[in-house]
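Model, not experiment: these values are computed from the prediction.
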Amino acid sequence: MQVSLTAEQIEAINNIKAIINEIKKVIIGKDEVIIKSLVAILAKGHILFEDIPGVGKTTLALALSKSLSLDYKRLQFTPDVLPSDVTGYSIYNKENSTFVFKEGAALTNLFLADEINRTSSKTQSALLQIMEEGKITIEGITKNAPDPYIVIATQNPIGSIGTQMLPESQLDRFIIKLSMGYPDLESEIGMLKSKEGGNPIDTVNAVVSVEQLRKARKVVDEIFVSDKVYEYVAKIVKATREHNFIKLGVSPRGAIALINITKATALLKGRNYAQPDDVLYAINDVIGHRIILNSKAKVNGADINSIITEIVNSVEVPKVAKAGIL
């Protein structure tokens with residue numbers, strides 16, 4: 001029999017459903033992307049969207065910030081954006097002969113780094129510390145990011161004019177990489193109709209408070225994961241490091257990310273314990289951007305998704321009971 005849910009877990013599940021319904025007012029026909037974005041946030045992770053311009057990435061980020069009652073800042077990354085624009089800088093105050101710290105755009109609850117792969121590597125790297133540690137150190141001054149702290153970055157497909165690849169160290173700091181894609185015909189018609197009479201984003205309301213989001217994240221932390229599920233994740237990750245077509249496999253940070261996403265997925269499905277299916281729900285989105293293929297893969301026409309599928313199929317799925325381990 002299923003383990004009974006606590007009042008806190010039931011409240012978190014109801015809040016998640018309310019957030020999803022609120023965002024669906026403006027993001028039509030992309031329920032899976034909305035759900036996976038929310039799963040990533042509940043798992044205390046950052047999100048990378050790779051897609052062509054104009055498919056709703058910025059709108060989704062803004063809808064998330066509004067529905068979650070989060071302070072929001074957006075910075076358009078261009079070649080002339082400096083690291084200090086992201087992190088902040090100190091200026092000299094003549095009146096009292098002291099330096100005053102001016103916060104950069106990144107110090108907010110939800111920071112949208114728009115077209116992050118159009119700026120210099122130096123500027124991209126300005127986000128490394130705050131994404132990992134939740135703080136920024138500049139000229140000996142350390143500033144803590146607000147709690148919760150979420151980075152949502154967008155990038156245009158590699159090969160687009162003016163783009164450059166993000167370094168592996170930065171890609172690894174994103175818990176999930178998603179793509180919006182074009183809407184289907186019915187969804188696009190609905191989107192066009194929704195624009196009548198104003199901007200639909202103005203109809204999005206705050207449905208949970210910042211404190212409720214913190215509580216929901218704490219509930220996710222406490223989701224039960226059996227030893228068999230931990231071993232299942234470890235075996236999948238190990239297989240990525242040993243595969244013939246993979247030059248760089250999933251890091252330990254990636255394994256932790258997969259466990260955290262697994263926990264958030266379990267809660268979303270109304271459970272307070274994880275199952276193997278929860279591991280697989282968003283596995284391509286969680287580990288795909290952490291894998292680098294070698295020349296053999298390219299010669300044989302293999303892609304990352306097909307290799308992940310092959311690896312998953314090669315690892316035996318453990319038998320986990322509803323209330324724990326069989």
Side-chain angles (χ1 to χ4, degrees), residues 32-33 36 39-40 43 45-52 57 77 113 115-125 127-128 131-132 151 153-181 229-262 265 276-318:
E32 194 81 354
V33 177
K36 287 180 178 178
V39 164
H46 308 293
I47 305 167
L48 177 64
F49 283 105
E50 181 177 279
D51 227 321
I52 57 172
K57 303 183 294 292
F77 279 72
E115 296 186 304
I116 192 172
N117 62 336
R118 288 191 179 277
T119 195
S120 68
S121 298
K122 188 175 182 180
T123 301
Q124 291 171 5
S125 298
L127 278 169
L128 289 176
M131 288 178 71
E132 181 69 15
V151 174
T154 71
Q155 67 173 11
N156 292 330
I158 302 302
S160 301
I161 296 172
T163 62
Q164 55 184 315
M165 290 184 67
L166 295 178
E168 291 88 349
S169 59
Q170 187 144 33
L171 284 172
D172 205 30
R173 281 166 168 77
F174 289 101
I175 198 169
I176 199 166
K177 179 183 172 186
L178 299 170
S179 175
M180 297 284 286
V229 172
Y230 279 123
E231 184 182 359
Y232 184 50
V233 168
K235 284 181 176 179
I236 291 172
V237 167
K238 185 173 182 288
T240 68
R241 300 167 187 164
E242 299 172 348
H243 196 281
N244 242 4
F245 289 168
I246 295 178
K247 180 168 69 174
L248 181 67
V250 177
S251 68
R253 185 193 285 122
I256 293 169
L258 187 53
I259 285 292
N260 291 340
I261 288 287
T262 296
T265 301
D277 282 353
D278 303 324
V279 175
L280 302 180
Y281 171 66
I283 190 167
N284 290 44
D285 307 303
V286 176
I287 70 172
H289 61 289
R290 305 171 197 273
I291 292 172
I292 296 180
L293 303 182
N294 58 28
S295 55
K296 290 181 186 176
K298 296 171 185 175
V299 169
N300 286 273
D303 60 42
I304 288 174
N305 286 332
S306 64
I307 291 172
I308 292 173
T309 300
E310 178 192 329
I311 287 171
V312 167
N313 290 339
S314 71
V315 178
E316 184 180 357
V317 180

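- Heavy-atom minimum distance, Val233 versus Ala255: CG1-O, 4.0 Å.
- The two residues Ile176 and Ala40 come nearest to each other via the heavy atoms CG2-CB, 3.6 Å.
- Leu48 places none of its side-chain heavy atoms less than 4.5 Å from the side chain of Leu178.
- Partners of Glu316 under the side-chain hydrogen bond (donor to acceptor under 3.5 Å, both in side chains) rule, at least two apart in sequence or in another chain, do not exist in this structure.
- One distance of note links CD of Glu50 with NZ of Lys177; it measures 3.5 Å at 0.5 Å rounding.
- Looking at heavy atoms from C-beta onward, Val229 lies out of side-chain contact with Asp278 at the 4.5 angstrom threshold.
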Practice task
Go through the steps for Arg241 and Ile246 under the test side chain to side chain contact (heavy atoms under 4.5 Å, CB included), then give the verdict.
Solution key: CA-CA 7 Å; Arg241 300 167 187 164; Ile246 295 178; over 6 Å; no

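- Remark: the backbone N or O of Phe174 is paired with a side-chain donor or acceptor of Arg290 at under 3.5 angstrom.
- Going from atom CZ of Phe49 over to atom CG of Asn156 covers 13.5 Å, rounded to the nearest 0.5 Å.
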Exercise for the section: Go through the steps to decide whether Asp51 and Thr154 satisfy the test side chain to side chain contact (heavy atoms under 4.5 Å, CB included), and finish with yes or no. Expected result: CA-CA 7 Å; Asp51 227 321; Thr154 71; over 6 Å; no

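- How far CG of Asp277 is from OG1 of Thr262: 10.5 Å, rounded to the nearest 0.5 Å.
- By the ring-ring contact (aromatic ring centres under 6.0 Å, His included) test, Tyr281 is found to be paired with no residue, residues two or more places apart in sequence or in another chain being considered.
- Between Ile236 and Ile283 the shortest side-chain heavy-atom distance falls below 4.5 Å.
- Within the 4.5 Å cutoff, no side-chain heavy atoms of Leu258 are placed close to those of Val250.
- Gln170 contributes atom CD, which lies 10.5 Å from atom CG of Asn117 (distance to the nearest 0.5 angstrom).
- With rounding to the nearest 0.5 Å, the separation of CD in Gln155 from CG in Leu171 is 6.5 Å.
- Put simply, the side chain of Asn294 reaches to within 4.5 Å of the side chain of Phe245, judged on heavy atoms.
- Once rounded to the nearest 0.5 Å, the distance linking NE2 of His243 with NZ of Lys238 reads 13.5 Å.
- Ile175 and Ala257 make their closest contact through CG1-CB, 3.6 Å (heavy atoms, listed as atom of the first residue, atom of the second, distance).
- In this structure, His289 has no ring-ring contact (aromatic ring centres under 6.0 Å, His included) partners at least two apart in sequence or on a different chain.
- Minimum heavy-atom separation, Ala282 to Ile261: CB-CG2, 4.3 Å.
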Practice task
Walk me through it: do Leu127 and Ile116 pass the test side chain to side chain contact (heavy atoms under 4.5 Å, CB included)?
Solution key: CA-CA 10 Å; Leu127 278 169; Ile116 192 172; 4.0 Å; yes

Practice task
Apply the test side chain to side chain contact (heavy atoms under 4.5 Å, CB included) to residues Ile291 and Ile307: give CA-CA distance (whole Å), side-chain angles for both, the deciding distance (0.1 Å), then the verdict.
Solution key: CA-CA 10 Å; Ile291 292 172; Ile307 291 172; 6.0 Å; no

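- Summarising the geometry of Lys296 relative to Asn244, their closest heavy-atom pair is CD-O, 3.9 Å, with the distance given to 0.1 Å.
- Scored by the side-chain hydrogen bond (donor to acceptor under 3.5 Å, both in side chains) test, Asp303 finds Ser306 as partners (sequence neighbours excluded).
- Qualifying side-chain hydrogen bond (donor to acceptor under 3.5 Å, both in side chains) partners for Thr123, counting only residues two or more places apart in sequence or in other chains: Ser120.
- A search for side-chain hydrogen bond (donor to acceptor under 3.5 Å, both in side chains) contacts involving Asp285 returns Lys36, not counting sequence neighbours.
- With hydrogens and angles ignored, the 3.5 Å screen pairs a side-chain donor or acceptor of Arg173 with a backbone N or O of Leu128.
- Of all non-hydrogen atoms in Pro276 and Pro318, the two that sit nearest each other are CG-O, 3.6 Å.
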